[in-house]
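To start, the structure under review is shown below, and the notes come after it.
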Amino acid sequence: MRLRELVNSKELLKEWMIEKLIWICGISAIFFVFGIFFFVFREGADYLLRGFKVTEFFTSIEWYPTSRTQVRYGALALITGTFSVTLLAMFIAVPFGLGAAVFISEFCPPRLRESLKVIIELLAAIPSVVWGFIGLTIMNSLILNLFSAPIGLNVLNGGIILALMSVPIIVSIGEDALKAVPDSYREASLALGCTRWQMIFRVLVPAARNGLLAAVLLGVGRAVGETMAVLMATGHSIRIPGGVLEPVRTLTATIAAELGEAPVHSDHYQVLFIIGILLFSITFVVNLTADLVVRGIRRK
Amino acid sequence: MITAFRRSRRTPIQRICKRTACGFLLLFLPIVISACLRGRSPDVPGGGVKTVIQNTGSDTMVNLAQAWAEEYVTIAPGVSVEVSGGGSGTGIAALINGTVDIANCSRKMTPDERERAKTNTGKEPREFLVGFDALAVFVHPANPMDEISLDQLAEIYGEKGAITKWSDLGVRLPLDAPDEMILVSRQSNSGTYEYFREAVLGKKRDFRLGTIDMHGSKDVVELVARTPGAIGYSGMGYATGHVKMLSISPKTGTRAYAPTIANTQNGTYPVARPLLMYTLGAPNEAGEKYLQWIFSAHGQKLVALSGYVPLSNLAEPSLQSKGEEELP
């Protein structure tokens, strides 16, 4: 009897400890996010409040952080760089990703589906520096030869690399969204005489609309935040691109290239953190939108 | 009942524990053995206290200084060289404060800095030339151009410069390559970027926007090798067979000098600077031995391996002082 009580109390203690441990794990995510935001903001806040020229930052392309005569922090070219590469990446990744999601969830024979899913997950597991390397070597010479462009490291190169990186995310989340549509929808539409094509585009895609949008937005988040691959593949050149064959420089790549050697707490260092705040806000807005959209599905 | 239940729950865990323990043992066995063997080898003479040489300064030289320090440990195990970067100015400031044994510097100390060091510490700084940093200008091997002047480079790379196309230089690229000049540069806080700016654009001018800013000396050479319309600069030691190095003249119309080790050493190649080390007064015994080793063929080989140009007297192991006084 006493033995059983002892064991029971021990088990209870164990239960309690595990419960607390899991609670801490859950809470820590919130803690870390706010911690990171606080840290990034604190590092940049001093200059943000002191001498930061907002209009120059958003309207000038002149990024001269280490000029001897006149230091200028115009980030317009970097912002357009990030947006141009992301836009092109989404232009490629959205049709491919959603198409693949439709194929996997609706047309694919079950055996092929399993192997396809594994391969797509493998695609998501390739480190970004490897993607960057592919951009720097294979894509570079391919673009040089195919388009006779002056340089192979450009928006097109970065866009294709980013598209390849965000396709797996779009496919797996999009496929989940299509799977979540009840089979009764499919049966009903087929029973009414729809072709499979009509069923997918008139019934399934509208029904899974929110989930598909969330998939796209998460892909955008991935593309905006990606650093190493774009640093290597876009050419890292400060300019407003006139076409997809021109090199650009993105916000993330600028931080990666310059933070390491900017003296701590110098203006340059703080402006790089302000870029960090800007990026944080962009991805925050994108992820929040995705989240709200997903929540929209659940309410239905 | 209870014991049986618990045992059955524990056994797999125990098995896993055992397996991990075995794995760890296998993993660490070689390390442990090698550590034991190293401990037994008669490395440190007498096992005495290590002499520490503090070595601070130029970021351009920090990799080279690190390479020297790592190699020197194998030769003189009793001496440990502690290297840190921060820039030439940081090194000189530390020298003036007397907190460093050897300061690395990729420019000469100004008379003002010498004076401050003297009044602050009572000792005259000594200068030792340990190698050269020479930048080469690279183009694609198919490019017919052979030489370029500093003025032309300034118009190519400088803000609001006049030259943007190869035809502006009278160069026609073969194989229908686009006429647009692709300028390959470095990220704005690299030492190479700063030195090229100073040597080519002067003290006041900035780089043109729209250069392709690569993140490493090697990357510049590799990109130029792949891009027919590109021009780029990097350390001379990074040249490969896939790019062409241009001869450089100080002014358009004057004689151009090929980027060779000989031209760097005799001072005719215009885009080269000395790599210097400074001590306060005569270096102490450990410091002198270290500098002597740096001047030896072994030390100079590391200069070449780090992408810089070694001194001319490779075989001569003697200590050369360029300071005002001779060494004892």
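Labels below follow one simple rule: chain letters A, B, ... track the order of the sequence lines, proteins then strands, and each chain is numbered from 1. Heavy atoms only: backbone and side chains are in, while hydrogens, waters and symmetry mates are out.
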Which atoms of B:R197 approach chain A - backbone, side chain, both or neither, heavy atom under 4.5 Å: side chain
Where the side chain of A:N157 meets the backbone of A:T234, is there a donor-acceptor pair that is under 3.5 Å apart? no
Chain A contacts, top residue of B:K204, B:E180, B:E194, B:R205 (heavy-atom pairs, under 4.5 Å): B:K204
With only heavy atoms counted, which part of B:T211 is less than 4.5 Å from chain A, the side chain, the backbone, both or neither? backbone
Taking atom types as modelled, is there a side-chain donor on A:E11 or A:W16 under 3.5 Å from an acceptor on the other? no
Would you please go through residues 240-253 of chain A and name the residues with a non-hydrogen atom below 4.5 Å from one of chain B, in numerical order? A:P247, A:R249
Do any pairs count as a side-chain hydrogen bond (donor to acceptor under 3.5 Å, both in side chains) and have a residue in residues 125-143 of chain A, sequence neighbours left out, and if so which ones? A:S128-A:E226
Measuring only between side-chain heavy atoms, which start at C-beta, is A:I134 closer than 4.5 Å to A:M139? yes
Output, in order, the C-alpha distance, side-chain angles, deciding distance and verdict of side-chain hydrogen bond (donor to acceptor under 3.5 Å, both in side chains) for B:S306 and B:N63. CA-CA 7 Å; B:S306 304; B:N63 287 335; over 6 Å; no
Which region of B:L209, side chain (C-beta onward) or backbone (N, CA, C, O), has a non-hydrogen atom less than 4.5 Å from a non-hydrogen atom of chain A, or is it both or neither? both
Parallel, tilted or perpendicular, judged at 30° and 60°: which one describes the rings of B:F196 and B:Y157? perpendicular
What residue in A:T66, A:T69, A:L231, A:I61 has the most heavy-atom pairs under 4.5 Å with chain B? A:T66
Does B:E147 pair with B:K244 as a salt bridge, N-O distance under 4.0 Å? no
Does a donor on one side chain and an acceptor on the other come within less than 3.5 Å for B:D206 and A:S67? yes
Between A:L144 and chain B, with a heavy-atom cut-off of 4.5 Å, which part of the residue counts as in contact: side chain, backbone, both or neither? side chain
Residue part contacting chain B, namely of A:A149, when any heavy atom lies under 4.5 Å: backbone
If I measure from the heavy atoms of chain A, does B:R186 come under 4.5 Å with its side chain, its backbone, both, or neither? neither
List for me each residue that meets side-chain contact (heavy atoms from CB on, under 4.5 Å) alongside A:A124, sequence neighbours excluded, and say none if there are none. A:P168
Can you tell me which portion of B:L183 sits under 4.5 Å from chain A's heavy atoms? Options are side chain, backbone, both or neither. neither
Residues pairing under ring pair (Phe, Tyr, Trp, His ring centres under 6.0 Å) where one sits in residues 232-266 of chain A, two or more places apart or in two chains, turn out to be A:H265-A:Y269
